[in-house]
Protein chains: 2
Amino acid sequence: MNELAIVEYLRKLAGTHASGGLILGIGDDCAVFRPRPGEDLLFKSDQIVEDVHFRRTMAPAVIGQRAIARALSDIAAMGGQSRVCLVSLTVPVSLGEPFIRRFYRGLMAEAHRTGTALAGGDLAHSDKIYCDVSMVGAVPKGKALRRDGARVNDAIYVSGRLGKPWGRRIQPRLILGQSLLGKATACMDLSDGLALDLHRLCVASQVDAIVEKVPIYRGAALERALHGGEDYELLFTMPAQLATPKGVTRIGTIVRSQGKPGTVSFQGTLLPPKGYDHFQPSTMKE
Amino acid sequence: MNELAIVEYLRKLAGTHASGGLILGIGDDCAVFRPRPGEDLLFKSDQIVEDVHFRRTMAPAVIGQRAIARALSDIAAMGGQSRVCLVSLTVPVSLGEPFIRRFYRGLMAEAHRTGTALAGGDLAHSDKIYCDVSMVGAVPKGKALRRDGARVNDAIYVSGRLGKPWGRRIQPRLILGQSLLGKATACMDLSDGLALDLHRLCVASQVDAIVEKVPIYRGAALERALHGGEDYELLFTMPAQLATPKGVTRIGTIVRSQGKPGTVSFQGTLLPPKGYDHFQPSTMKE
């Protein structure tokens, strides 16, 4: 299977219908996209690297799903709808065509489920599997949910349960994110653990946070729920008087910063901003 | 240097000014971009992989320049202006901070030169250097230069000279591309060699091509000018009566297809669509 044949396969898999604003898809130098009036666009790229974010022993379709789901989770965190994506993939020669087909089938299933068109990408060979997904989403003009809007006395919420085992299927919270537009004051997705991510949200908003309880995934240790990465749930703040959305748990309250903003306490003790850091000792992300 | 410190460095390097439609840059889950009315957007991602597209012995700033210039060349090929980019980078732990800083300095110099804002990206560690650049460009609505518009009797042109030595600095032809809007009937950039790329343009346009001469880079072999990759010049077609733009050479004429479209002849003999294919024997791209 040569590059031309793979591109042809992907073009068919992507479909020829102009969806989500895509006017020209795979096959030219660039994809052409027509924005709708009254919308801002969201851009995000997220890479997954073999032995860092996944093992080669995982099913190729699951790796493909993870690759796109991580970027979709960021679109969800801004309250956006996903529109189109570009996928750059590097694979070892030895894995060849079967891997590529299965990888893209997993990826495209998630793309179709979320209304995301495959607009293009790039293919190359190397020793390890590497994939970078670039995602384009859309939100009503000026309405994107940012990290820097949390206010004193806002309630803090998370979706789902935290501390999920590594390698579990990521479910991007797109519908929840969209439902928070005009309600949440700040929002982000949990990719590096509650402690570190809530610290980041508080720094951006120049406030502190008090956490009283955390919804823990069944069987998970508290340590993992607080400091483990890859939960891909939404963390957001909202005025406390607004009704709690379905499927989320109030975990605490935003408070005025007493010193350096970003201090998070959990059940009365200081929660250090410790989580997964790609540039600390190079262990498997878990 | 941990991830947070690197992101902070990049945020400063990128600048805080909202340029090219960027409303929110590095530091949140997604970048936020406000499209201008009356424009279509162009999306492209291009990856460079160590030992495929470059060697580690190249200066980090040159690798960074190549990484962004390849994607800029695709924007040029559609007649676009570049607006923002996202950069995903994976580096070996051993190269560390000095490599990252120099790589981004080279990349950002090219970004600034071309008016491209750095909107975000991703960092990870692995054994090899890997970079994927996602580029967002813009063209007047409906005016993007595609591959599929070449018409019988159109003149065929290329910019610059072909067969450049591998590893040479890539100069994306953005100004030329923009000057061809409303004039060129088809356009693409030469990344896999004239023979293969002109074949692709002809297939897309359902025509054949006759090539009479090729402007050859000093000292290059004809074989390299016809079949070598990485020239990153523009290949385009235009009605023959329009004036030849500055810095380009007419190389031939589009003709009616006699059989299967895409046949290219050179000085009377058939030119096989042979060029660089990433999925054929895994040699260094040259």
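Below, chain A is the first sequence line, B the second, and so on; all start at residue 1.
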Contact origin within [X] toward chain B - heavy atom pairs under 4.5 Å:
X: A:K141; value: both
X: A:V136; value: side chain
X: A:M78; value: side chain
X: A:I48; value: neither
X: A:A144; value: side chain

Identify the heavy atoms of [X] and [Y] that sit nearest to each other, and give their distance.
X: A:C187; Y: B:D29; result: O-OD2, 3.6 Å
X: B:A124; Y: A:H53; result: CB-CE1, 4.2 Å
X: A:P35; Y: B:D40; result: CD-CA, 4.4 Å

Exactly one of A:L86, A:V87, A:V133, A:D132 should register a side chain to side chain contact (heavy atoms under 4.5 Å, CB included) with B:S45. Which one does?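 The single option meeting the side chain to side chain contact (heavy atoms under 4.5 Å, CB included) with B:S45 is A:L86.
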
side-chain contact (heavy atoms from CB on, under 4.5 Å) between B:H125 and A:D51: does it pass, once the steps are laid out? CA-CA 10 Å; B:H125 273 320; A:D51 295 333; over 6 Å; no

Distance from [X] atom [atom1] to [Y] atom [atom2], nearest 0.5 Å?
X: A:D127; Y: B:D127; atom1: CG; atom2: CG; answer: 8.0 Å
X: A:S134; Y: B:M135; atom1: OG; atom2: CE; answer: 11.0 Å
X: B:D189; Y: A:C30; atom1: CG; atom2: SG; answer: 8.5 Å

Under the side-chain contact (heavy atoms from CB on, under 4.5 Å) criterion, do B:V32 and A:L41 qualify, and how do the steps go? CA-CA 6 Å; B:V32 182; A:L41 296 181; over 6 Å; no

When A:V49, A:L24, A:V139 are compared by non-hydrogen pairs under 4.5 Å with chain B, the top option: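 Highest number of heavy-atom pairs under 4.5 Å: A:L24.
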
Output the option from B:E39, B:M188, B:E50 having the highest count of non-hydrogen pairs under 4.5 Å with chain A.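 It is B:M188.
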
Spell out, as yes or no, whether a donor-acceptor pair under 3.5 Å connects the side chain of B:K44 to the backbone of A:A31.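 No; judged by distance alone, with no hydrogens or angles, the pair does not exist.
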
Just by modelled atom types, is the A:R147 backbone N or O under 3.5 Å from a matching donor or acceptor in the B:D28 side chain?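 Here the side-chain-to-backbone pair exists.
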
Which class fits the ring pair B:F43 and A:F33: parallel under 30°, tilted 30 to 60°, perpendicular over 60°?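 Ring orientation, 0 to 90° scale: tilted.
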
